[in-house]
J.: 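Sharing a structure here in structure tokens format.
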Amino acid sequence: AAGVIQSPRHLIKEKRETATLKCYPIPRHDTVYWYQQGPGQDPQFLISFYEKMQSDKGSIPDRFSAQQFSDYHSELNMSSLELGDSALYFCASSPIPQTQGPSSLYEQFFGPGTRLTVL
Amino acid sequence: AQSVTQLGSHVSVSEGALVLLRCNYSSSVPPYLFWYVQYPNQGLQLLLKYTSAATLVKGINGFEAEFKKSETSFHLTKPSAHMSDAAEYFCAVSVAAGNKLTFGGGTRVLVKP
């Protein structure tokens with residue numbers, strides 16, 4: 001079965017540089033979520049999109065921006081990188097309501113993550 | 001607002017022994033609850049979910065969890081631990097379809113031979 005694809009899997013940047021993380025949801029999933037997991041921490045919600053519109057926003061720094069494109073893939077853009085941005089960034093997707101049973105609406109399918117290291 | 005508390009950041013069990021991971025939630029509306037497992041350097045895999053159907057939920061790899069509204073709990077159990085169960089486990093809550101997940105702090109499970 002198709003899974004959520006994230007690229008790149010690993011990324012090393014210097015302080016003050018810019019990074020772009022990409023997420024390709026499972027086909028026929030229209031909602032995308034981004035989470036940040038710092039070392040030894042639980043995942044923290046950053047932002048989500050439904051049908052290409054921002055649907056919710058969490059503790060996402062102003063230096064970060066994201067969008068969802070017409071093919072439903074999403075990109076997280078991170079500027080002026082700081083050492084504290086080093087983390088595992090997960091993308092998750094959930095299905096279009098009409099295509100699967102009701103209980104699947106609440107399930108988020110996670111990608112393998114992008115490990116960002118800021119030096 | 002919703003929140004999740006996982007009691008015990010580390011749990012050590014012997015192979016073949018019961019695994020019990022505790023999760024308590026707080027939510028102003030009926031919650032939807034999940035357990036995810038994370039192996040080292042990997043993503044999050046769903047073990048099981050409660051979405052207001054049966055209160056006893058069976059998941060993959062022999063895990064199950066029981067939703068107890070009176071105790072605001074959703075503890076995860078497995079009757080007999082296997083070495084492959086060594087991982088970090090996260091309890092999470094959501095309050096609606098398409099809504100963000102709020103995770104607990106995680107419990108790292110160590111399985112001793």
Side-chain angles (χ1 to χ4, degrees), chain A residues 1 3-6 9-10 23 25-26 29-51 53-60 88-115 117, chain B residues 1-10 21 23 25 27 29-55 57-60 65 67 74 87-108:
Chain A
V4 176
I5 297 172
Q6 291 188 246
R9 293 292 309 278
H10 301 272
C23 169
I26 293 171
H29 284 200
D30 61 350
T31 305
V32 168
Y33 314 78
W34 286 97
Y35 294 85
Q36 177 192 58
Q37 186 179 28
Q41 299 182 7
D42 57 289
Q44 296 289 319
F45 171 74
L46 292 177
I47 195 167
S48 62
F49 293 88
Y50 169 70
E51 282 292 339
M53 299 287 290
Q54 181 182 308
S55 53
D56 196 4
K57 193 172 182 180
S59 48
I60 182 170
L88 197 53
Y89 290 83
F90 288 110
C91 172
S93 70
S94 60
I96 296 171
Q98 295 87 345
T99 64
Q100 298 191 30
S103 68
S104 68
L105 298 179
Y106 306 94
E107 183 173 342
Q108 295 182 22
F109 296 79
F110 282 79
T114 294
R115 183 170 295 283
T117 302
Chain B
Q2 64 267 26
S3 66
V4 174
T5 301
Q6 291 182 239
L7 297 178
S9 59
H10 291 79
L21 305 183
C23 171
Y25 69 90
S27 175
V29 298
Y32 301 96
L33 296 159
F34 307 81
W35 276 100
Y36 283 87
V37 61
Q38 184 177 34
Y39 297 99
N41 299 312
Q42 292 190 26
L44 295 159
Q45 181 183 8
L46 181 69
L47 280 177
L48 48 78
K49 62 186 178 187
Y50 166 77
T51 56
S52 74
T55 56
V57 182
K58 295 188 183 298
I60 62 171
F67 172 70
F74 191 56
E88 184 140 28
Y89 293 79
F90 290 97
C91 183
V93 65
S94 178
V95 296
N99 192 254
K100 66 183 179 186
L101 291 173
T102 299
F103 289 86
T107 299
R108 187 170 297 277

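Residue numbers begin at 1 in each chain, while the letters A, B, ... track the order of the sequences. Computed from a prediction, not measured in an experiment: that's the story for all the values here.
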J.: For a quick test of reading the model, state the closest non-hydrogen atom pair linking B/Q38 to A/F90 and the distance between them.
T.: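 Looking at all heavy atoms of both residues, the closest pair is NE2-CZ, 3.3 Å.
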J.: Who wins among B/S9, B/A92, B/G105 for the most heavy-atom pairs under 4.5 Å with chain A?
T.: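 Going by pairs under 4.5 Å, I would pick B/G105.
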J.: Given heavy-atom pairs under 4.5 angstrom as the criterion, report whether the side chain, backbone, both or neither of B/L44 touches chain A.
T.: both
J.: Is chain A contacted by the side chain of B/F103, its backbone, both, or neither, given a heavy-atom distance below 4.5 Å?
T.: both
J.: If only atom types and distance count, is the side chain of A/Y35 paired as donor or acceptor with the main-chain N or O of B/K100 below 3.5 Å?
T.: no
J.: How long is the span from the CZ atom in A/F110 to the CG atom in B/L46, to the nearest 0.5 Å?
T.: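 That separation rounds to 9.0 Å.
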J.: Could you grab the distance from atom OG of B/S94 to atom OH of A/Y33, nearest 0.5 Å is fine?
T.: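 Rounded to the nearest 0.5 Å, the OG-OH separation comes to 7.0 Å.
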J.: Is it true that a side-chain atom of A/Q108 and a backbone atom of B/N99 form a donor plus acceptor pair closer than 3.5 Å?
T.: yes
J.: Counting only non-hydrogen atoms closer than 4.5 Å, does A/Q37 touch chain B with its backbone (N, CA, C, O), its side chain (CB onward), both, or neither?
T.: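 The answer is the side chain of A/Q37.
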J.: Identify which part of A/P112 has an atom lying under 4.5 Å from any heavy atom of chain B, answering side chain, backbone, both or neither.
T.: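 Only the backbone of A/P112 comes within 4.5 Å of chain B.
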J.: Find out whether B/F90 and A/D42 are in side-chain contact, i.e. whether some heavy atom of one side chain is under 4.5 Å from a heavy atom of the other.
T.: yes
J.: Hey, what do you get for CG (B/L101) to CD (A/Q44), rounding to the nearest 0.5 Å?
T.: 12.0 Å
J.: Which bit of A/L88 comes within less than 4.5 Å of chain B, counting heavy atoms only: side chain, backbone, both or neither?
T.: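 Just its side chain gets close to chain B.
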